[in-house]
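All values below were derived from every heavy atom in this structure, side-chain atoms included, with hydrogens, water molecules and symmetry-related copies excluded.
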2 protein chains.
Amino acid sequence: MSKEKPSIPKGTRDFGPAVVVKRNYIFGVIRRTFEKFGYLPLETPAMEQLSVLTGKYGDEGDQLIFKILNSGDFLSKTRPEDIAEGSKHLTRKISEKALRYDLTVPFARFVVMNRNEISFPFKRYQIQPVWRADRPQKGRYREFYQCDADVVGTNSLLCEAEIVQMINGVLTDLGLTDFTIKINHRGILAGIAEAIGENGREGDICVAIDKLDKIGKVGVRKELLERGITADAVNKLEPLYDLNGSNEEILNQLQVILGKTAEGQRGLSDLHEVWNYLQGLQSKALSAENPSGAPRLQLDVTLARGLSYYTGCIFEVKVNNVSMGSISGGGRYDNLTGMFGMPDVSGVGFSFGVDRIYDVLEELQLFPASNESGTQVLLVQFDKASEQYALPLLQQLRDAGISSELYPEAAKLKKQMSYADQKKIPYVVLIGSEEMAGGKLKLRNMQTGEQQDQSIEEIISKLK
Amino acid sequence: MSKEKPSIPKGTRDFGPAVVVKRNYIFGVIRRTFEKFGYLPLETPAMEQLSVLTGKYGDEGDQLIFKILNSGDFLSKTRPEDIAEGSKHLTRKISEKALRYDLTVPFARFVVMNRNEISFPFKRYQIQPVWRADRPQKGRYREFYQCDADVVGTNSLLCEAEIVQMINGVLTDLGLTDFTIKINHRGILAGIAEAIGENGREGDICVAIDKLDKIGKVGVRKELLERGITADAVNKLEPLYDLNGSNEEILNQLQVILGKTAEGQRGLSDLHEVWNYLQGLQSKALSAENPSGAPRLQLDVTLARGLSYYTGCIFEVKVNNVSMGSISGGGRYDNLTGMFGMPDVSGVGFSFGVDRIYDVLEELQLFPASNESGTQVLLVQFDKASEQYALPLLQQLRDAGISSELYPEAAKLKKQMSYADQKKIPYVVLIGSEEMAGGKLKLRNMQTGEQQDQSIEEIISKLK
């Protein structure tokens, strides 16, 4: 047995009680919203067949997948040549399973395996950890949770409108008031490429303008030229970065610029329909203004989102006035399950970044003060007699649904009080000989220090 | 990209929405009970350092730990001799991390790493999956959840009494009425060994009598003799299998048999104290009788529990009249963190087997019929006009907190109804031209087929 000081793997975290309670608060808000919109929970195994994951995330992604060593005498199925060929080749011989890298591929796999039992449109949400062998750094972990909601099997743009509603609902419920939901459409991006004379080059254009926030207009220009976009096209593109006015005004300007391109038309028509749905839903995301006066929902033609599988609307959400990247994003895809030989499954999905939301709520002090799941009252004991006296009271409190504890030993008062303090227990009940004789308990409010003599019934009705 | 039919690893499971909802119901009951007793949630990473796990579960356990292959060119850190020495040796050179095998060792590691921040007694619960490379078979999986609650840093037997209370509370809340909470004490087992002339041999005796249920008295006798227990001792032991009467009567009989052994005295005294606490708590586990008339809480001197680290009270719970092993168990240990060089951390813990509880509730049809987290009402649309009409109604329903959906397309009525059916949505609202003209909606109860004309306000107050 090792007696050295134990540690946890780089990039992973323990979540102690105070943190779990706060994280569960966020998960709870997200879960309730998803369910209010008819999304149902799915859970898939942490381990997937390596063959299911390989080739879905690009070469770089493949390197970041955590592989599980085959059990038992894994070398017995290898030949000396396998070892000579190096680690990459050998991996396939000694590892058949790997840890989930995201929730999208397991979802696609589930849909394909259960295609005959699923009733489409299939609305699922999934809140589970994923693992990536990334270099750990501030805010980037090797184990982190994703919260995805997707609906597959329908082209209806009601789903896009409902995603806007869900994002607005979750963030509002979490107490956020200053955030921007950016929306764009791959058709708009393709239309722009065509309109500036670079038909079909929207891939390169997206990759570059996706970095506008980070490297600025000059940096993007440089990258676009390096990627072979002509200077003439870049000149035509740049004014689009600064399109402004209301969303309607932007849509009107785009109509002029993209009116003749088929993809541009598709994008504009989809966006108009999403707006119609939001109006019908009397969407607060549509009517709300941020403190700056800017609309909460913003059409942003520079929003590109890197993932190449998006084909329709795309979303991204930023909290304003905090230094934090996007906290939510998503989009429509045409071909989720094509990778497993099941074509034409269209859908739209999005995801919340819980670690980032956590940091934002912490920074803005938006976590609720009351710790609802923690102990509400600690009974303090002084000796065997007060312990015996406390037992039925403890039971009464719990029967009333009040989380309560009796300190398990007649320790020094100071020790018991500091236990309550550290556990942030709001009330303490002191049971001394006086209290036992008088039938009234001393209830101490740990925040104010105020003490009151109360019966157990009074205490219960106060804490309930 | 592989186009072959995808699959999931042997021994793992996808949990579709209906199953997740039922599992979450069980987790919710367990979590609420733990929290009512002052236990707080802890979460540890799925991956641990392999060195933290190795040597904690015996040789057989070590084989069953899933190891994670080092990322990148893992072979670069090996020498040819490492490969020549075989898989077992090579594992240590190419794997530094492994998947959590249980929740106890990660808990011990957490306590040691955070000893200076933790305020003792530390009550934590942990509900997370664990992974074991066991041969999959009926009811045995490679990924499964454990639900542990432990309190460390106190010797108080109030904790043991509260475990009985928590077990009784959870199972009662889940609707179970016929179950037995067995309790015993390692001191009793040691006292018995001494009393029958086999002082110090309680380890061998435990291993053998632990199998009483499976191999019967004759089988146990054979095994005891094989393990070198004398025939004379076995003759003295066997009458103890059939000790009967009330718990008090059994305690009295044991007093006679074990009265002179120190360990027996310790066990009896601890058990008496647990009983005192339960009486003070007016424990229903103590007063309840099962339908057979037997007490729900039973002192059972043949209860041994295999784990060698238990040192005080031990528990095990069986649901009667179903073919299922124990669904919960635990006990007191003296030295949780000794494996990491931190001595004298005593505690007591127990665990629920969620997969087994799930099967029992399914067999006894105890899952609540109402699917509270699912969609309560589906709005059916016939054309664009009814869709537009439905949108603000949908929003009203959701604003009232009612999970609701609008079918996202004007599909055939039959298709929309079958969607509601398959998703077990209890109500459907039909919006035809008549309804739009009259301002009343048609609300259909999907179980009875009954239809009523109602306003949206009436529907909301009905469903709320």
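Proximity to chain A is limited to the side chain of Q422(B), based on heavy atoms less than 4.5 angstrom apart. Using a 4.5 Å cut-off between heavy atoms, F122(A) contacts chain B through its side chain alone, with no backbone atom that close. The part of K97(A) that comes within reach of chain B is its side chain, from C-beta onward, which places non-hydrogen atoms under 4.5 angstrom from that chain. The contact between N155(B) and chain A is made entirely by backbone atoms, counting heavy-atom distances below 4.5 Å. If you measure heavy-atom distances from F144(B) to chain A, you find no contacts under 4.5 Å at all. With a threshold of 4.5 angstrom between heavy atoms, S119(B) approaches chain A through its backbone and through its side chain. Contact of R398(A) with chain B is made through backbone and side chain together, with heavy-atom distances under 4.5 Å. Looking at L69(B), both its backbone and its side chain come within 4.5 Å of chain A, counting heavy atoms on both sides. Of the atoms belonging to A46(A), heavy atoms from both backbone and side chain fall under 4.5 Å from chain B. At a 4.5 Å heavy-atom cutoff, the contact between E162(B) and chain A is made by side-chain atoms alone. For a residue to count as touching a neighbouring chain, one of its non-hydrogen atoms must lie under 4.5 Å from one of that chain's; by this rule L99(A) touches chain B with the side chain only. Only the backbone of E117(B) comes within less than 4.5 Å of a heavy atom in chain A; its side chain stays farther off. Neither the backbone nor the side chain of Q279(A) comes within contact range of chain B; no heavy atoms are under 4.5 Å apart. L394(B) touches chain A through its side chain: at least one heavy atom from C-beta onward sits under 4.5 Å away, while N, CA, C and O do not. In this structure, no portion of Y389(A) lies under 4.5 Å from any heavy atom of chain B. In this structure, chain A has heavy atoms under 4.5 Å from both the backbone and the side chain of T91(B).
Q63(A) has its side chain out of reach of S71(B): every pair of non-hydrogen atoms, C-beta onward, lies at least 4.5 Å apart. Put simply, the side chain of P121(B) reaches to within 4.5 Å of the side chain of Y419(A), judged on heavy atoms. By the 4.5 Å heavy-atom criterion applied to side chains, L40(B) and K423(A) are counted as neighbours. In this structure, the side chains of I8(A) and E48(B) come closer than 4.5 Å at one or more pairs of heavy atoms.
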Stepwise side chain to side chain contact (heavy atoms under 4.5 Å, CB included) test for Y407(B) and T154(A): CA-CA 10 Å; Y407(B) 196 87; T154(A) 174; over 6 Å; no
